[in-house]
A.B. asks: 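Here's a structure for you.
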Amino acid sequence: MSLLEVKGGTKKYGVFTALKDVSFAVGPNTFHGLIGPNGSGKSTLLKAISGAHYMNSGAVLFQGEDVTRQPAYRRSRVGMSLKFQITSVLPELSLFDNLLLAKQARQSIFALVRSATAKAMRDEIMIDLERFGLGRRAHEPAGILSHGQQQWLEIAMAVTQRPKLLLLDEPTGGMSLEERRATGEFLQPLKPSTTLIIVEHDLDFIRTICDTVTVLDQGQVIFNGPTSDLDASEEVKRIYTTRT
Ligand SMILES: Nc1ncnc2c1ncn2[C@@H]1O[C@H](COP(=O)(O)OP(=O)(O)OP(=O)(O)O)[C@@H](O)[C@H]1O
Ligand SMILES: [Mg+2]
């Protein structure tokens, strides 16, 4: 069974149609790339999946359950976590406290009371900071991090919620080649426990970490399949050679 399925998704902003009849599915423990030219609807699709906004028609199924009409916080509680394209780090708070807030945002008050002790939660947060190379800076304010480190902190904030489905919108935007490579290495160990849908412009990055890919063009799916088939697709070649 697919972990996530989008069926015939259409999203309009006023009279403009940003997504047209988009369908694709992602299996468990899969890293799935979402690519396409600027304005092709990638962020709109991630928002529709996470519930940040609703589609006009079509359905989103998560673990076989129809979540199309569920608000974002409900989808988050059942295991989705989204990192937006725009930063959501609180610069005056420490790295540790940014993760603590993210962790608590995911859980209901009952779960917080029942679940981990404060110590167990602290330990998990430190593991997540270390996973992204930020352990030694845990108690420094997030605002003094470099751009790349802030991006890693944000990914860590999504990861610390232990999502089954992690949605990342251009997490490597503005990063150096070296930082992009490190990001791929930080993400790889999550595969046994997490499905990832990642928006990314760098095709080499996608080829390195993704098993499957969906390509959007003007709100429509023009390719859907294994990453290894991407280079043979005439449609993909057409948009990447003529427009980017
Ligand atoms: N809130 C909004 N209101 C009106 N139009 C919007 C809104 N958000 C996005 N759009 C339009 O919908 C289209 C798809 O936008 P979207 O942000 O999903 O593209 P994208 O593929 O993520 O692009 P990029 O690569 O630049 O991040 C674009 O034409 C954009 O201008
Ligand atoms: Mg976008």
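Order of listing sets the numbers, starting from 1, for every ligand and every atom in it.
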A.B. asks: Mind checking whether F16 has an N or O less than 3.5 Å away from an N or O of ligand 1?
C.D. replies: no
A.B. asks: Using a 6.0 Å cut-off, check whether atom CZ of R69 has over 12 heavy atoms from anything other than its own residue.
C.D. replies: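 Above 12, so yes.
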A.B. asks: In ligand 1, which numbered atoms sit nearer than 4.0 Å to a non-hydrogen atom of H201?
C.D. replies: 25 (O)
A.B. asks: Under 4.0 Å from any heavy atom of T44, which atoms of ligand 1 are there?
C.D. replies: 14 (C), 15 (O), 16 (P), 18 (O)
A.B. asks: So which of G219, G39, S40, G36 gets nearest to atom 28 (C) of ligand 1, if we judge by its closest heavy atom?
C.D. replies: G39
A.B. asks: Could you name the option among N38, I35, T17 that has the heavy atom nearest to atom 26 (O) of ligand 1?
C.D. replies: N38
A.B. asks: Name the atoms and distances for all side-chain donor-acceptor pairs under 3.5 Å in residues 2-19, with sequence neighbours left out.
C.D. replies:
unit_1 : atom_1 : unit_2 : atom_2 : d
T10    : OG1    : D21    : N      : 3.1
K11    : NZ     : Y54    : O      : 3.1
Y13    : OH     : T44    : OG1    : 3.0

A.B. asks: Could you measure the distance from the OG1 atom of T214 to the CG atom of L45? Nearest 0.5 Å is fine.
C.D. replies: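 One gets 8.0 Å once the value is rounded to the nearest 0.5 Å.
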A.B. asks: Give a yes-or-no answer on whether the side chains of T212 and H32 include a donor-acceptor pair shorter than 3.5 Å.
C.D. replies: yes
A.B. asks: Donor-acceptor pairs under 3.5 angstrom involving side-chain atoms of residues 183-197: please list them, not counting sequence neighbours.
C.D. replies:
unit_1 : atom_1 : unit_2 : atom_2 : d
T183   : OG1    : W152   : NE1    : 2.8
T183   : OG1    : E179   : O      : 2.7
K191   : NZ     : D211   : OD1    : 3.0
K191   : NZ     : D211   : OD2    : 3.2
S193   : OG     : L190   : O      : 3.1
T194   : OG1    : L190   : O      : 3.2
T195   : OG1    : G27    : O      : 3.4
T195   : OG1    : N29    : N      : 2.8

A.B. asks: Could you give the distance from CZ (F132) to CD (Q149), rounded to the nearest 0.5 Å?
C.D. replies: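 Rounded to the nearest 0.5 Å, the CZ-CD separation comes to 13.5 Å.
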A.B. asks: Any nitrogen or oxygen of A18 lying under 3.5 Å from a nitrogen or oxygen in ligand 1? Just yes or no.
C.D. replies: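 In this structure, A18 places no N or O atom under 3.5 Å from an N or O of ligand 1.
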A.B. asks: Give the atoms of ligand 1, by number and element, whose distance to some non-hydrogen atom of E170 is under 4.0 Å.
C.D. replies: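 Heavy-atom distances to E170 below 4.0 Å select 25 (O), 27 (O).
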A.B. asks: Can you tell me if S43 has an N, O or S atom under 2.8 Å away from the Mg ion (ligand 2)?
C.D. replies: yes
